[in-house]
Amino acid sequence: MARTKTPFPHAAFSFGLDRLTTGEVWFVDSGASNATNGNLGDSPDRPFATLNGAINSATASNGDQIVLMPGHTETVSSALTQVISKAGLTIIGVGVGSNRPTFNFTATASSFEIDSANTTIENVRFVAGISAVVVGVNVDADNVTLKNCEWNLSATGFDFVIMVDVDTVNNCSIEDCIFRAEGATAGAAEAIRLDTANFARVLRNEMYGDFSAAAILAEGAASLQIYVADNVVYNDDTASTNNGIDLSVACTGVTAFNRLTGLQGTNVVALLDPGSCLNIENYGCNAIDELGIVIGGTPST
C-alpha cells in the first residue's frame with residue numbers, strides 16, 4: 001500500500017501538521033481495527049497500537065516524528081509503562097477537545113517518564129483515573145518541550161499530586177498548556193514543580209482548581225534564569241500561602257504579565273513569591289468583584 005506522504009525537497013514530508021522533517025514519521029492509533037505493534041507504522045492505514053511501538057521503531061536524534069491519531073488512548077499503570085527512551089523525538093497528537101490522544105493514569109505510582117533529551121510532546125491529554133497520582137509527567141532530560149497539552153481528572157476526587165515535575169534539567173519549556181484540578185479532593189499540590197530547572201520557560205499556561213502548595217512551585221534547589229510569563233492561575237485552595245506562583249527558594253530570572261487569582265482573604269500579595277526574580281507587571285486578585293493589583297515587589301526607581 002502506498003504511503004500518503006506529500007514529498008518535499010531533501011526527503012522532508014508534510015502530513016498537514018505544519019511540520020517538516022527529514023526523519024521518519026510513525027503513526028499510532030489504538031482505535032484502528034488493524035492496529036498492532038507488528039505493523040510497519042508508516043501510514044495511518046497500518047498504525048502501531050501503542051506509543052512504545054513507535055518509539056521502538058524510531059531512530060534517536062534523527063528528526064523522527066510520532067503522530068498519535070484522534071481518539072488514541074493508552075493506560076499508564078506504573079512508572080515503567082510509558083518511557084520516552086530515545087532522544088530527539090517529536091510526538092504530535094491529532095484531534096481537538098476530548099478527542100485528542102489521551103493517557104489515562106490508573107495507579108498512584110503511574111507516571112509518564114521523559115528520560116531522553118530533545119523531546120517534544122504536543123496536543124496530548126494526561127488524565128488522572130485514580131486519587132493522588134504522585135506525578136503525572138516526569139521531565140528528566142534536557143531540552144524537553146510540552147506544548148498545548150492538558151492535565152485533567154476523569155472524575156471528582158481523582159487528581160495528580162504533581163502534574164509536571166521538572167527536576168535537575170536545563171531548557172524545559174511548558175507552553176500553552178491547561179492544568180485542571182477542579183474537584184480534586186485528595187490534595188493536588190501543584191501543577192508544575194521546578195527543582196534545579198535552569199533556563200526553564202513556563203509560558204501562556206492556564207491553571208484552575210485546588211492546588212495546596214502553589215500552581216507553580218519551586219522547591220529543593222533554586223532554578224536559575226527562568227522565564228515565567230503570561231500564565232493565568234485560579235487557585236481555590238484557602239489554606240495555603242503563596243499559592244499562585246512560589247519561587248521562594250531564590251530562583252532567578254523574570255516573572256512577567258502573570259494573572260493570579262486565589263481565595264486567600266486579605267493576603268493578595270501572597271499569590272506571588274518571586275524569589276530572586278525580576279518582575280514586570282504581574283497582577284493578583286483574591287476576591288470577586290475586585291480589580292487585580294500589581295504584586296511581586298515594589299516599583300523600580
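Count residues from 1 along the sequence.
Looking only at atom types and distance, the side chain of T119 has no donor-acceptor partner in the side chain of S116 under 3.5 Å away. Between N37 and T50, the side chains place a donor N or O and an acceptor N or O closer than 3.5 Å (distance only, hydrogens not considered). A donor-acceptor contact under 3.5 angstrom links the side chains of N62 and D64, judged on distance only.
Although no hydrogens or angles enter the test, the distance criterion places a donor-acceptor pair under 3.5 Å between the side chain of W151 and the main chain of M163. Under the 3.5 Å distance criterion, the side-chain polar atoms of N235 are matched with a main-chain donor or acceptor of D237. Side-chain atoms of H72 do not come within 3.5 Å of backbone N or O of P101 as any donor-acceptor pair. A donor-acceptor contact shorter than 3.5 Å links the side chain of S110 to the backbone of V76. Between the side chain of N56 and the main chain of N52, a donor-acceptor pair closer than 3.5 Å is present. Not one N or O on the side chain of D159 forms a donor-acceptor pair closer than 3.5 Å with the backbone of V161. Checking side-chain atoms of T75 against main-chain N and O of S77 turns up no donor-acceptor pair under 3.5 Å. R46 places no side-chain N or O within 3.5 Å of a backbone atom of S43 that could act as its donor or acceptor partner.
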- Step-by-step side-chain contact (heavy atoms from CB on, under 4.5 Å) determination, D167 to N138: CA-CA 8 Å; D167 198 337; N138 261 320; 6.0 Å; no

- Message: For a side-chain contact (heavy atoms from CB on, under 4.5 Å) check, start with the C-alpha distance between N258 and V233, then their side-chain angles and the critical distance, and finish with the verdict.
- Response: CA-CA 8 Å; N258 297 289; V233 172; over 6 Å; no

- Message: I'd like to know whether T255 forms a side-chain hydrogen bond (donor to acceptor under 3.5 Å, both in side chains) with N279, so could you lay out the CA-CA distance, the side-chain angles of the two residues, the decisive distance to 0.1 Å, and finally the verdict.
- Response: CA-CA 5 Å; T255 69; N279 306 288; 2.5 Å; yes

- Task: Could you give me the CA-CA distance, side-chain angles and deciding distance for F27 and F48, then say whether side-chain contact (heavy atoms from CB on, under 4.5 Å) is met?
- Result: CA-CA 6 Å; F27 292 86; F48 293 120; over 6 Å; no

- Working for side-chain hydrogen bond (donor to acceptor under 3.5 Å, both in side chains), residues N104 and E74: CA-CA 6 Å; N104 295 303; E74 293 194 44; over 6 Å; no

- Message: Test side-chain contact (heavy atoms from CB on, under 4.5 Å) on F179 and E206; report intermediate values, then the result.
- Response: CA-CA 6 Å; F179 300 85; E206 301 175 23; over 6 Å; no

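Aromatic ring centroids of F112 and F126 lie under 6.0 Å apart.
The structure places NZ of K86 at 11.0 Å from OG of S61, a figure rounded to the nearest 0.5 Å. Between I92 atom CD1 and Q65 atom CD the span is 4.5 Å, to the nearest 0.5 Å. D165 contributes atom CG, which lies 7.5 Å from atom CG of D195 (distance to the nearest 0.5 angstrom). Interatomic distance, F103 CZ to C149 SG, rounded to the nearest 0.5 Å: 9.5 Å. For the atom pair C177 SG and N231 CG, the distance stands at 10.0 Å (nearest 0.5 Å). The distance from the CD1 atom of I84 to the CD1 atom of I114 is 6.5 Å, given to the nearest 0.5 Å.
Contacts of N123 classified as side-chain hydrogen bond (donor to acceptor under 3.5 Å, both in side chains), with partners at least two apart in sequence or in another chain: N148.
Between V135 and F160, the shortest heavy-atom distance links the atoms C-CD2, 4.5 Å. In terms of heavy atoms, S154 sits closest to V127 at N-CG1, 3.6 Å. The two residues G292 and C285 have their closest heavy-atom pair at CA-CB, 3.9 Å. Contact between S131 and F158 at its shortest, heavy atoms only, is N-CD2, 3.6 Å. Shown here for N282 and F257, the closest heavy-atom pair between the two residues is OD1-N, 3.4 Å. Residues D176 and N205 come closest through the heavy atom pair N-OD1, 3.3 Å.
Residues M207 and I192 form a side-chain contact, since some pair of their non-hydrogen atoms from C-beta on lies under 4.5 Å apart. Side-chain contact between V124 and T102 is absent, with no heavy atoms from C-beta onward closer than 4.5 Å. Contact check for V169 versus V144: no side-chain heavy atoms found under the 4.5 Å cut-off. When side chains are defined from C-beta on, E113 counts as touching D140, because their heavy atoms get closer than 4.5 Å. L146 has its side chain within reach of V139: a pair of non-hydrogen atoms, C-beta onward, lies under 4.5 Å apart. The shortest side-chain heavy-atom distance between Y234 and E182 does not fall under the 4.5 Å cut-off. For the pair V269/L272, no side-chain contact is recorded, criterion being any heavy-atom separation below 4.5 Å from C-beta on. Looking only at side-chain heavy atoms (C-beta outward), I91 and L51 come within less than 4.5 Å of each other.
Annotation for V294: hydrophobic cluster partners, listed by chain and number, are Y283 (ILVMFWY side-chain heavy atoms under 4.5 Å, direct or chained).
Between E122 and K147 there is no salt bridge, since no side-chain nitrogen of the basic residue lies less than 4.0 Å from a carboxylate oxygen of the acidic one.
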Atom pairs and distances, side-chain donor-acceptor, residues 215-230, under 3.5 Å, sequence neighbours left out:
unit_1	atom_1	unit_2	atom_2	d
E219	OE2	R193	NE	2.6
S223	OG	T196	N	3.3
S223	OG	A197	N	2.8

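Hydrophobic clustering (side-chain heavy atoms under 4.5 Å, transitive across Ile, Leu, Val, Met, Phe, Trp, Tyr) groups I245 together with I293.
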